[in-house]
Amino acid sequence: MGTFDKVIGYDSIKNELLQICDIISHPEAYEKLGAKTPKGILLYGAPGLGKTLMADCFIEETGLKSYTVRKTKGGNDFLTEISDIFSKAKENAPSIILFDDLDKFSGTDDDRPTAEFTAIQAGIDEVKDHKVFVIATVNTVENLPDSLLRSGRFDRQLCFWYPDAIDAQKIISYYLQDKKISKDINIEDLVNMMQNCSCASMESILNEAAITAAYKREDEITMQDIIKAVLKQQYSL
């Protein structure tokens, strides 16, 4: 199984990330044609769509030493952590830095550069001549400053949408494979019921259905169990 097979669907995003992995792993093939290596990737989209998992797969595929930054502190301590991570990545290049939930690094709801974003911009600029690659996940780009999003910092910006019908069918089938289900369950019906659900929501719904069935001491998960779980998840019923 390939590294990216851990993520169901999103084939176009996987293909683009595989191309960048190839650029990182075989830079000479691109440099001889004058192609420059992208400096960073931004993965954005609603919560629960698999952005962090995809980023982790990307890092694993490259095989490079990596550093993950999540906001667990504030003020000067966090600014120092950001600076230290860039220094470590530079010292151990080639390497990768993952900023997970980047849009949560700032405590403001506008697009003005904050100290956190300014520190990241400065760090990216500092390592631009070294083999340090930056990848970040965000729920929305609206609160990120344009200066951070410009070319040379995050050259590729890949959007995660809610799964389409084909991907939803793959995801639902995957989460049902270890569950005992009744013959009245139709995958196409489930796909229609779970339109605009994230991957995480689909997993939660099917697990809730299994819990309901087990609580009632049923031998199998029925369609009614899944309908009840959908209603509970989407309408709090």
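These figures come from a predicted structure and were not determined experimentally.
- Within 6.0 Å of atom CG in Asn76, 12 or fewer heavy atoms from other residues, nucleotides or ligands are found, so the atom counts as exposed in its surroundings.
- Looking only at distances, a side-chain donor or acceptor of Asn192 sits under 3.5 Å from a matching main-chain atom of Glu188.
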Please tabulate, for the side chains in residues 127-141, all donor-acceptor contacts under 3.5 angstrom to protein atoms that are two or more places apart in sequence or on a different chain.
| unit_1 | atom_1 | unit_2 | atom_2 | d |
| --- | --- | --- | --- | --- |
| Thr137 | OG1 | Asp100 | OD1 | 2.5 |
| Thr137 | OG1 | Asp101 | N | 2.9 |
| Asn139 | OD1 | Lys51 | NZ | 3.4 |
| Thr140 | OG1 | Glu142 | N | 3.2 |

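- Note: Phe4 and Tyr10 fail the aromatic proximity criterion, with ring centroids not under 6.0 Å apart.
- Every residue two or more places apart in sequence or in another chain was checked for a ring pair (Phe, Tyr, Trp, His ring centres under 6.0 Å) with Tyr67, and none qualifies.
- Looking at every heavy atom in both residues, Gly152 comes nearest to Ile124 through O-CG2, 4.1 Å.
- Closest approach of Glu218 to Thr222, counting heavy atoms only: OE1-CG2, 4.2 Å.
- Hydrophobic clustering places Ile181 together with Leu206 (ILVMFWY residues linked when any side-chain heavy atoms are closer than 4.5 Å, directly or through intermediates).
- At a threshold of 4.5 Å between side-chain heavy atoms, the hydrophobic network of Ile, Leu, Val, Met, Phe, Trp and Tyr places Leu190 and Leu231 in one connected group.
- Residues Met54 and Ile41 are members of one and the same hydrophobic cluster, defined by side-chain heavy-atom contacts under 4.5 angstrom among Ile, Leu, Val, Met, Phe, Trp and Tyr.
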**OP:** Carefully, step by step, assess Gln224 and Ile227 under the rule side chain to side chain contact (heavy atoms under 4.5 Å, CB included).
**Re:** CA-CA 5 Å; Gln224 282 302 117; Ile227 291 172; 3.6 Å; yes

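- Sparse packing is recorded around CD1 of Ile166, with 12 or fewer heavy atoms of other residues, nucleotides or ligands lying under 6.0 Å away.
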**OP:** For the pair Arg153 and Lys39, evaluate side chain to side chain contact (heavy atoms under 4.5 Å, CB included) and give the outcome as yes or no after the intermediate values.
**Re:** CA-CA 6 Å; Arg153 288 175 178 155; Lys39 297 299 181 183; over 6 Å; no

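- Defined by atom type and a distance below 3.5 Å, a donor-acceptor pair is present between the side-chain atoms of Thr114 and Glu116.
- Looking at Ser87, its side chain does come within 3.5 Å of a backbone N or O of Ser83 through a donor-acceptor pair.
- When all heavy atoms of Leu49 and Phe160 are compared, the pair lying nearest together is CD1-O, 3.4 Å.
- Using modelled atom types, one side-chain atom of Ser182 and one backbone atom of Ile221 make a donor-acceptor pair closer than 3.5 Å.
- Two different hydrophobic clusters hold Trp161 and Leu158 under the rule that ILVMFWY side chains link at heavy-atom gaps under 4.5 Å.
- Surrounding NZ of Lys179 are more than 12 heavy atoms belonging to other residues, nucleotides or ligands, all under 6.0 Å away.
- Summarising the geometry, atom CE belonging to Met223 is positioned 7.0 Å from atom CD1 belonging to Ile185; distances are rounded to the nearest 0.5 Å.
- Under a hydrophobic clustering in which Ile, Leu, Val, Met, Phe, Trp and Tyr are joined whenever their side-chain heavy atoms come within less than 4.5 Å, directly or via other members, Ile20 and Ile13 fall into the same cluster.
- In this structure, Asp167 and Pro163 approach most closely via the heavy-atom pair CB-CB, 4.0 Å.
- Here the shortest heavy-atom pairing between Leu102 and Phe117 reads O-CE2, 3.5 Å.
- Residue Lys183 places its NZ atom among 12 or fewer non-hydrogen atoms of other residues, nucleotides or ligands, all under 6.0 Å distant.
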**OP:** Starting from the C-alpha separation in whole Å, work towards a yes-or-no answer on side chain to side chain donor-acceptor pair (under 3.5 Å) for Asp103 and Tyr44.
**Re:** CA-CA 10 Å; Asp103 45 344; Tyr44 69 97; over 6 Å; no

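- Between the side chain of Lys180 and the backbone N or O of Glu220, no donor-acceptor pair lies under 3.5 Å.
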Original post:
Would Ile8 and Cys199 satisfy side chain to side chain contact (heavy atoms under 4.5 Å, CB included), going step by step from the backbone distance to the final call?
Top reply: CA-CA 9 Å; Ile8 304 170; Cys199 313; over 6 Å; no

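- Taking CG of Leu98 as the reference point, atom CD1 of Ile85 lies at 10.5 Å (rounded to 0.5 Å).
- A perpendicular orientation is assigned to the rings of Phe105 and Phe99, their planes being inclined by more than 60° (bins at 30° and 60°).
- Within the 3.5 Å criterion, the main-chain N or O of Glu208 finds a donor-acceptor partner in the side chain of Thr212.
- Gln157 places a side-chain N or O within donor-acceptor distance of the main-chain N or O of Leu149, the cut-off being under 3.5 Å.
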Original post:
So Met202 and Met194, side chain to side chain contact (heavy atoms under 4.5 Å, CB included) or not? Walk me through it.
Top reply: CA-CA 7 Å; Met202 292 179 190; Met194 299 186 203; 3.9 Å; yes

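- In this structure a side-chain-to-backbone donor-acceptor pair under 3.5 Å is present from Asn15 to Asp11.
- Checked for salt-bridge contact, Glu31 and Lys36 miss the test: no charged N lies under 4.0 Å from a carboxylate O.
- Contact detail for Tyr162 and Ala46: the closest heavy-atom pair is OH-CB, 3.5 Å.
- With no hydrogens or angles considered, no side-chain donor-acceptor pair links Ser204 and Asn207 at under 3.5 Å.
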